[in-house]
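Okay, structure first, notes after.
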2 protein chains.
Amino acid sequence: MRDIDLERVRALPLFRGCSDETFRTLTAGAFLQRFPAGTTLLLEGDQVDFLYVLLDGIVELQGTWNDRETTLSILRPVSTFILAAVVLDADGLMSARTVERSQILMLSGPAIRRVMVEDAGFAVAVAQEMAGCYRGLVRSLKNQKLRGGLERLANYLITQNLRQGGLNTFNLPHDKRTLASLLGMTPENLSRSLAALVDYGVEVHGPTVTISRPAALERLAKPDPLIDNHQPVTDTPTGKAQRERWPLPDHPVRTAG
Amino acid sequence: MRDIDLERVRALPLFRGCSDETFRTLTAGAFLQRFPAGTTLLLEGDQVDFLYVLLDGIVELQGTWNDRETTLSILRPVSTFILAAVVLDADGLMSARTVERSQILMLSGPAIRRVMVEDAGFAVAVAQEMAGCYRGLVRSLKNQKLRGGLERLANYLITQNLRQGGLNTFNLPHDKRTLASLLGMTPENLSRSLAALVDYGVEVHGPTVTISRPAALERLAKPDPLIDNHQPVTDTPTGKAQRERWPLPDHPVRTAG
DNA sequence: TCGAAACCTTGATCTGCGTCAAATGTAGCC
DNA sequence: GGCTACATTTGACGCAGATCAAGGTTTCGA
């Protein structure tokens, strides 16, 4: 990895609290790679040898069962994935696939487990990142079990709008087929649900969404901060832990005195 | 806390790898309490001051939205809960309620955050426990999104049977209304689904379930180790991390040399 | 032991959403 | 620019599951 890449990685929340020695150990055998769109990074059930950190692009986490497939999460930078399998040295429960051309850092799983034991600052950062991932999944499960498809879509649009500046017009970050899968519905049903939202001021032209009556949409959606994380785009790279503390201020990792 | 309780707690996976000093700090201000059935331990959205560890009994984790309620998880001993909120010092995303009379250890959140930074062994154990909780939730989300109600029920019965000794007759661990909520369906639909499973050899009498044609049930359920964790009852208290590594052998926490 | 409350089951009806098919639109490649 | 493949939309239909109501069963407290 080049020096400039090392600096970018060092600035990530996962690595801010670790010692220089720890950082060298982790990055010595690491890869920073670009993958084209549609690349399968790993399959569910696979043994996991690397921790993946998405630095640029979009990655989709999927699961399958009995010839059915669903999108469990859409990751945007900066996100780790498959961290739990690495921490526990267990097989991955999800598949990962790039949605668009992506830049991904791959860190050795054994190295991660080894330095966690030696560097409390790093172990704390891993625990925090893991906690953030967990909370994100709690929101997803609540969203799926408590809301109908139209409600999930309405809340998704409100959240995307806020994350993209709150100007009431924005672009869907990826194709509609993947969005339908993420929302737990078929593409046909997504199409019908978007059409139903025209009555609430939502217009869609290709990937562009315009919301002309945000108050009406919000009355339908009934957003809830315990399900929906409305954090806008941040200037600096933020980890999952920080995102899951929003709107509370950052809790900097303190190392042992 | 009495000495015998301290020994029980010390033996838990979360505390095995920490130093004696860390253990004393954590347990000095801890409470070990019994709560009757139906006690609300905390509400979603509440600030969290304690980590809860369920030592005996059953606890239900719930979420609500727009007058709807769902059961997100049913905890059995030994389980931590609200760990993510403690690690991140954030508000809880779920409510917790005792289903039956329960014994719960309550550890100070600030103390946990403080000693994590100082004791890598403990921080690693927290990260592992967090990873185990995360994987459990991945299974739940896959179960919810990929399977219909009847399929979730069939798999639930197979899993419960194995967890209770695999003798093809067992007792439901709690009331059917809570089970329906956990499986993401109404009590009426649970009743009809149980009736539909008679064709697959499932008989229910009150809380007692008998499976007379396990092969037929399994053909319907199509269990998948990436969704269903069929670990049987263990003799020793196991943490979530260990359960999520099953059937792989335990990965003992190593402390810095 | 009895009554009230909660749980559970059953019946009838409705609805959200999946499935299947076909048509239209868009993107990519030659 | 044209062709192909894929995405998306639209139409028709069916079903899984929710809702509402009512009756039966079980549990708990007085």
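Throughout, a chain's letter reflects where its sequence line sits, starting with A, and its residues are numbered from 1.
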Output the rounded distance in Å from CG (B:Asn189) to P (C:dT10). 13 Å
Geometric class of the A:Tyr52/A:Phe81 ring pair [parallel <30°, tilted 30-60°, perpendicular >60°]: parallel
Does A:Arg192 contact D:dG11 through a side-chain donor or acceptor facing the base, at a distance under 3.5 Å? yes
Could you state the CG-P distance from B:Leu150 to C:dG18, rounded to the nearest angstrom? 18 Å
Once you apply a heavy-atom cut-off of 4.0 Å, does A:Gly184 come out as touching a base, just sugar-phosphate, or nothing? sugar-phosphate
Whether A:Asp224 side chain and A:Leu226 backbone form a donor-acceptor pair below 3.5 Å: yes
Can you tell me whether the side chain of B:Glu188 and the base of C:dC8 have a donor-acceptor pair closer than 3.5 Å? no
Salt-bridge present (A:Arg152, A:Asp228; N to O < 4.0 Å): no
Phosphate OP1/OP2 of C:dG18: any A:Thr186 side-chain N/O under 4.0 Å: yes
Under 6.0 Å between ring centres, would you say that holds for B:Tyr134 and A:Tyr134? no
Quick one: B:Arg152 CZ to D:dG17 C1', roughly how many Å, whole number? 10 Å
Hey, is B:Lys222 close enough to B:Glu151 for a salt bridge, meaning N to O under 4.0 Å? no
Taken to the nearest whole Å, NE2/B:His205 to P/C:dC7 is 22 Å
Nearest-angstrom distance from the residue atom CG of B:Leu183 to C1' of C:dC8: 16 Å
With a 4.0 Å limit, can you tell me whether A:Ser191 has a side-chain N or O closer than that to the phosphate oxygens OP1/OP2 of D:dT8? no
Rounded to whole angstrom units, what separation is found between the CZ atom of A:Arg147 and the C1' atom of D:dA18? 19 Å
5' precedence on DNA chain C between A:Pro207 and A:Ser193 (nearest-nucleotide basis): A:Ser193
Starting from C1' on C:dA27, measure out to CG on A:Asp175 and report it in whole angstrom. 12 Å
Please give, in whole Å, the distance from C:dT10 P to B:Leu194 CG? 10 Å
